[in-house]
Amino acid sequence: MSKNLRINKNKFIDQTARILFKFNGKKLYGHKGDTLASALLANNIHLVGRSFKYHRPRGIMTCGSEEPNAIVQIGNDPALTDPNVRATEIELYDGLEAFSQNCWPSVNFDIGGINNFLSPLLPAGFYYKTFMWPASFWEKYEFFIRHSAGLGKSPNKPDLDLYDHQYAHCDVLVIGGGISGILSAKLSAEKGLNTILVDDKNNLGGSTLYQDDNAFKINNENSNIWLNKQIEDLKKLPNLTIKKRTSVAAFHAYNYLLARENLTDHLSLHERKNKIRQRLWKIRAKKVVIATGAIERPLIFSNNDRPGIILSSSIKKYIDYYGVKTGENVSLFTNNDSAYEAAISLNKSGVKVKVIIDIRENPNSVLTEKIEKAGIKILKGYTVIDTNGYKRIKSFDVKKLSKDGGSVVGEKITYTCDCLGISGGWTPMVHLFTQSGGKLKFRNSDNVFIPDENKIPSEQISVGSSNGDFELDDVVNNTIKSIMVFLKLDKSNYEQLNIECSKEKQKRNIWLLPSDKPMSKTKPFLDFQNDSTAKDVKLALREGFKSIEHVKRYTTTGMGTDQGKLSNMHALGIIADTTGTNMGELGTTTFRPPYTPLTFGAIVGRNVGEFFDHTRRTAIHNWHVENKAEFENVGQWKRPWYFPKNGETMNQAVQRESKAARESAGILDASTLGKIDLQGEDASEFLNRVYTNAWSKLAIGKCRYGLMLNEDGMVYDDGVTTRLGENHYIMTTTTGGAANVLTKLEDYLQTEWPDLNVYLTSVTDQYSTMSICGPNSKKIIKKIIPNLDLSDDNFPHMSFKNSKIDNVNCRIMRISFTGEHSYEINVQSNFALNVWEKCMEAGKEFNITPYGTETMHLLRAEKGFIITGQDTDGTLTPSDLQMDWIIGKKKYDFIGKRSLYRSDTIREDRKQFIGLLTDDPKEVLEEGAQLVESLEKPIEMLGHVTSSYFSPNLNKSIALAVVKSGKKLKGKKLIVPMENKNINVTITDTVFYDKENKRLNA
Amino acid sequence: MFLINCPYCGERDQSEFSCGGEAHIERPKQPTELSDDQWAEYLFMRKNVKGIQFERWNHIHGCRKWFNVARDTSNDKIHAVYKMGERPPIK
Amino acid sequence: MKNKYSIFSLIKNAFSGHENWQRTWSDATPKKEYDAIIIGGGGHGLATAYYLAKKHKMNNIAVVEKGWIGGGNTGRNTTIIRSNYLWDASAGLYDHALKIWEGLSQELNYNVMFSQRGVMNLAHNLQDVRDLKRRTHANRLNGIDAVWLNTEEVKKFCPIINTSPNIRYPVLGGTLQKRAGTARHDAVAWGYARGADQMGVDIIQNCEVKGIKRIGDKIEGIETTKGFIKTNKIGVVAAGHSSVIANMVGMRLPLESKPLQALVSEPVKPIIDTVVMSNAVHAYVSQSDKGELVIGAGTDSYISYTQKGSHNVVEETLRAILELYPIFSRMKMLRQWGGIVDICPDASPIISKTQIKGLYFNCGWGTGGFKATPGSGDLFAHTIANDEPHKLNSSFNLNRFVSGDLVDEHGAAAVAH
Amino acid sequence: MLNFNSPIKEEKKYNDLKIIEVEPIIKINLRSNKREFSTKIGKILSILPPNEANTSSGNEKFNLLWLSPDEWLIYSNDNKMTLNDQKNLEDKLFNEISKLNQGAVTNVSDHWIMINLNGNKVYDLLSKSCPYNFNDFKNKKGSVAQTIVNHVDVILHNYEDNNLNLFVRRSFSEDLWLWLNDSARLI
């Protein structure tokens, strides 16, 4: 167990620096440059986790993002722990702590392993067929299912890390830093194009980086040496940006791509402080080059999932790049030449390769010759039929394949081993291509889906093995050729390359390798993480699930955290074989973003906490804060809700504020109301069309209340509009409706009525508005603006005056939302705070009382004024609101007019706006409570309470409501049925206070 | 995110725009003359095309101008952009 | 009669290596003529066929599906089931469905995994509170089990929600329906298909409708990629593609088909045991039995049939998720996808006859059709079989857009003051 | 005299970056689709409103930014202009244009807050949350862009190399200011 399998020879791993890490609590050492996987393997640890369903022991199978098994929990700080991290991707850092997942009590002894023995009862979709009796028990079964499912654990404290976003715009984006990506980027940047090259590793070069065998040469140099020179040249190019540790997650339409850059996950915890963990690049590229490479396929045979069974190319990388032997008694099993590359590397490193099982009858290339010369045994036309060992492979059984490959013949041979390398050929990584909308075609010769060059959705190209070129000569030559066309290059420095590549391209493909046992006795895994086997796929087909999507969903194949990178092709192959369909016709499942899982943090970036959403503040905001206002969120605005004094509750504060406003003076910051400046000779006509009432005759200097409808006749917004000049108005809207109203009005102007000469400009932020109301309001205004004639004759209700406060111009409107004599001061915002303070100073002797939205609501409710959005809900017409008076009957048209005369909008039994008084004047109704006439079931609901308050000025509870046929029901008794009691109420008029409007001019 | 070529400001990211739905639905000049059925056609009924759709977009975070776009709703490809009041440049 | 599913049949089949399971449903080739044809093999379409056969004894019927059954919104939604709707008509419709859900696994002998883990809707501003209280009161009086929870009760019910008063839009309370929950979406389609198939319904996949033949105002049949099929009754349950079918008979519908996106995280051990929805901080989340967080995003504003939406919608959704559940910041999005939802102006569905005799539409479910699947199928079957709507779907007719009697489920239309 | 209170009143310095609010600045919004409009503006300001999209014109006193085919923004280079001078200019424009039905003139001095960003990292900073492609903009003095930064509407004016003025609505300005500073420290 504590063996060291490190070979002392490597330039990629810094063996001078030892790094301490812990796996399942055990202290281990690795080196800088290791991944967790390579460090574990160097410590001879293969068993990393347990599978999802059967809890079978699983080990490291790959060296990249396709890893299905070796996924671990990193760290145990509840705020910073990361579930489901691939050991093959995470770079080792000092102090890294990793834990096996989905096992209890430990990965070595896992109770859940019992599922493996129950597996005959747990075929694909078993849960659809059982757990139904008794009916009420599903949730009890489900509890156990839920607790045995899941992989790692979610953090349970808020994340402490920072995430960032960055937009980038480039001419060419090259995805993948392997040999074809490097050549593409170089050609592009040399042409002078603004180029970005991204690669998910910390080193450019892909697999060529460590391909130092003399069987692969470019211009008489070993391919790795040649490539290194290209990389050095590349780094000098001025208009090239290289982003390492950056993985493209999504390729959206219009060449919009998302790439995640990892900035700190490879650093020790103390080095991460105050650094951004991940940055999401939002890249808009004119052209995209996809050079994402290919992934080696496993082979599907019984018990192909044991720890120690590793993809052959990964074995090669562990040896050549990480300097780690994956075992000391290794055999290989293959259907193509890739395994021989691994054999050469193993041989060079002094690892004995016992035998290579090749399903091909006559593999015959420079590589195979090399191997045979080295004295390594090759069994040609053979297959592995089973493996043995529980927590690590111990041996495997081999038989000769029949001619057609459909069965096995002859004697069983058993070989011992501690590692079995497997290679089933290669699958191009076409995920990003298909995400972008590209369509694939199937190449029968070697069973791969590759981009269909006739179905490319945008300015993009796939090159290298992601385009189906797997051999060095094809990769290099075709990449150069196609990039030259794609970027319209006349010539390149690469036209006379001499490439030696000695692999044989012959493959023999058998999706599901035969066994000497009946199918039901075998366990040929397809999706290693989700434990779905070839048997499950066949069962699904027998049960009538024929579409690839049905099979995927029924068997869960391809739905693990690796999203089927290893399993999808075999599943398709087995379906095609079983149903006798051509794979090209079968098609693939949809590849969905992201390519590799993306943290929520990276997607959200910095819009968390205080930056979750904007806070809009009025110019007087700081005064409110200093004066201890409680705030209400109204849209994005912060509005003072009430101003509690000396520990008052909200109710106490509101009662005090409301009384003060009626008895002496109150002041409200109304700056959040939307304000639109209208100019142009058709401004009056425009208002006629957008409001229900008539505007042409409004005199200059006068104000008027307007009601705006949607085209479907329902009340949409309201506010007061003032005529400042012949062709000049200022309109106010509700706070929440401001932006939408302006957009809607612009829409009508630009698209329906372009003939109208009217210009709209938002001035919401230009002017701050403070409303002073109450019997002493006049005296206060007089103090601030002594020279303004405030007599009712000169300055009547619903009119305005231009004036000056000190040196600053302002507009004073005499309008009222409280029913009191009141003034609204509109002043340039940068002077508003000072004007407010002046009002407070001037009002001091009258006990001027600042009030917030709650008191405003109460005061207006006493007068029966509506609040759109509170008393209306988008289903009420002006007539429903008992506001027939505001409909300009003589007007030919206005927005929404026609809708008011439809058969269901003219009905008399619609819900209508009314007032309510509770029989018990102390009883305050709950807003939202329903109104009924009788409690007999089924209960018919007649309407609901929209606004409700205890009125200090009337010393009783009042409410506003909408009730079916309410207009006709004045005086009628209704019931408000609450959970624990029924409240008796009577329908009244909507105006509770000062019905004669005497106070307006008081 | 689409890249939309505002006829006034040039190519901009979709996040600067808002979509106003099907284009060339003219508001009836004389709504009062219409039957309930005809009014409902104007108000609610839509072609909801799968294929080339003519639709309205507003460069709401830019020049605030409305304009028309011919976009294939089956693949989101924009085929043409043209100003309000103009006829579609393609069929 | 097919295999009955049970633990015993599972054991029995285990002994024979699961070689003897029968087909869940058979792939039919179209007959020349049917008494009725359902266009669209999603959950609603298959349920319609199931109830036509079961309750109305119409067995000579077919479901035609252009792809594979359950491949549209049935297999793409976030599987939330609830009935706490505001208006009486909606509450009636959705609670009818919920009641069927409660016995559906047993009725279909197929475990649809309906899990009544509760659905909680959060309020973040004073108007939210008014609206949700209004809904809670209405629900209670309509016999729907909704209760109002204050902030502490919200926290108690789902402890991982950030209920701090210092967040941008603090949680001011919420309404909870305990009977609500989630189900396994694919199983619903497969279970109904199996049930319908057992009663003789033909399920025809990979059969795209290319045209509808009618003489005068009477339906004659459909043109498909598998040839002409005669029928006098067509029920269209084509979700996002409803307008495409309507256009075949020259009809326009009050629908817009828009992208709706959803996503799942990598699977983790149980961390959230209910469904939480929020309108103002727009996101909803639950956790699947597999352990994935299932998160619903919003719709885009434009029409699209691409099954793809804009990235900013996903970003906004996750922003809301992290505001309410900052512990999820390190969780990883595993898979993201889109569906095409057909949305009515009043956010309520259409289950209705049309002016063409024998042509019926069931559409407009917008973002929330899954929850209604059994009820929708039952009521649509009733409407087709009787050529008259059931009382429970009479409000959801096409004429409401003409007369103005909308069932506006948007709630409060505007934020205002 | 009333006190002037702009929302930010700060200047912040970072590596290669300086952010400062510059106020008071007079800003006037102009709208017109009339032919004589341009001449009138030329007479009053001695600058012609630019016709080309995303550009500006200017002299030592004023800048005139293109906002749309019928909309422009005037802002002054001088934050010492008296209230009276401001009022006079506004009135003059209003009387010559709006009163004569040649368009609209609206004072938006306090609607927009002007923030000056200066330094080599200006565009890196904005690109953290602005989808706009600055590749051409940054090389062309006088360029104008209306876009969004951290989801807020802004007007950007390329004043000089790596020196731009950003206009944001007053009610959003403190929020955007916080965001700009939080971002600047992360560059």
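Values below: every heavy atom of this structure, side chains too, minus hydrogens, waters and symmetry copies. Throughout, protein chains are lettered first and strands after them, A, B, ... in sequence-line order, and every chain is numbered starting at 1. Worth saying up front: this structure is predicted, and the values here are computed from it rather than measured.
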Engineer: Less than 4.5 Å apart, side chain to side chain, heavy atoms only: is that true for D/L178 and A/F611?
Structural biologist: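 Contact flag for D/L178/A/F611 side chains = yes.
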Engineer: For residues 27-45 of chain D, give me every residue with a non-hydrogen atom less than 4.5 Å from any non-hydrogen atom of chain A.
Structural biologist: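 Those residues of residues 27-45 of chain D which have a heavy atom under 4.5 Å from chain A are D/N29, D/R31, D/S32, D/N33, D/K34.
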Engineer: For the residue pair D/N101 and A/N757, confirm or rule out a side-chain donor-acceptor distance under 3.5 Å.
Structural biologist: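 Looking only at side-chain atoms, A/N757 and D/N101 do not form any donor-acceptor pair under 3.5 Å.
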Engineer: Below 4.5 Å, heavy atoms only, C-beta onward: do D/K128 and A/R606 meet side chain to side chain?
Structural biologist: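 When only atoms from C-beta onward are counted, A/R606 and D/K128 do touch, with a gap below 4.5 Å.
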Engineer: Partners of A/V808 by side chain to side chain contact (heavy atoms under 4.5 Å, CB included), sequence neighbours excluded?
Structural biologist: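 Partners of A/V808 by the side chain to side chain contact (heavy atoms under 4.5 Å, CB included) criterion, ordered by chain and then number, come out as A/V827, A/F831, D/L2, D/L83.
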Engineer: Does A/E610 form a side chain to side chain contact (heavy atoms under 4.5 Å, CB included) with D/D175? I'd like the steps, not just the answer.
Structural biologist: CA-CA 9 Å; A/E610 63 175 321; D/D175 224 42; over 6 Å; no
Engineer: Work out which heavy atom in D/V105 is nearest to a heavy atom in A/Q679; give both atom names and the distance.
Structural biologist: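 Closest heavy-atom pair between D/V105 and A/Q679: O-NE2, 2.8 Å.
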Engineer: Name all residues meeting the side chain to side chain contact (heavy atoms under 4.5 Å, CB included) criterion together with D/P69; count only those two or more places apart in sequence or in a different chain, and write none if there are none.
Structural biologist: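 Result, side chain to side chain contact (heavy atoms under 4.5 Å, CB included) vs D/P69: B/Y8, B/K65, D/W66.
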Engineer: Determine the minimum heavy-atom distance between D/R169 and A/D765, stating which atoms define it.
Structural biologist: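 Scanning both residues, the minimum pair turns out to be NH2-OD1, 3.1 Å.
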Engineer: Spell out, as yes or no, whether a donor-acceptor pair under 3.5 Å connects the side chain of A/H614 to the backbone of D/S171.
Structural biologist: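 No; judged by distance alone, with no hydrogens or angles, the pair does not exist.
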Engineer: Short question: side chain of A/N830, backbone of D/D110 - any donor-acceptor pair under 3.5 Å?
Structural biologist: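 No, because the side chain of A/N830 does not come within donor-acceptor range (under 3.5 Å) of the backbone of D/D110.
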Engineer: At a heavy-atom separation under 4.5 Å, does A/R284 approach chain D through its side chain, its backbone, both, or neither?
Structural biologist: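 Neither part.
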Engineer: Any side-chain donor-acceptor pair under 3.5 Å between A/N607 and D/N150?
Structural biologist: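 Distance-only check passes for A/N607 and D/N150.
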Engineer: A/S762 versus chain D, heavy atoms under 4.5 Å apart: side chain, backbone, both or neither?
Structural biologist: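 Backbone plus side chain of A/S762, per the 4.5 Å heavy-atom cut-off to chain D.
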Engineer: State which residues pass side chain to side chain contact (heavy atoms under 4.5 Å, CB included) with A/H165; sequence neighbours excluded, sorted by chain then number.
Structural biologist: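 Applying side chain to side chain contact (heavy atoms under 4.5 Å, CB included) to A/H165 gives A/L280, A/K282, C/E315.
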Engineer: For A/R617, is it the side chain, the backbone, both, or neither that has a heavy atom closer than 4.5 Å to a heavy atom of chain D?
Structural biologist: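 Both backbone and side chain of A/R617 come within 4.5 Å of chain D.
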Engineer: What is the minimum heavy-atom distance between A/Q766 and D/S109, and which atoms define it?
Structural biologist: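 Shortest heavy-atom separation between A/Q766 and D/S109 comes out as OE1-N, 3.1 Å.
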Engineer: Within the distance-only criterion (no hydrogens, no angle test), does the side chain of A/N834 pair as donor or acceptor with the backbone N or O of D/N3 below 3.5 angstrom?
Structural biologist: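 Looks like yes, one N/O pair under 3.5 Å.
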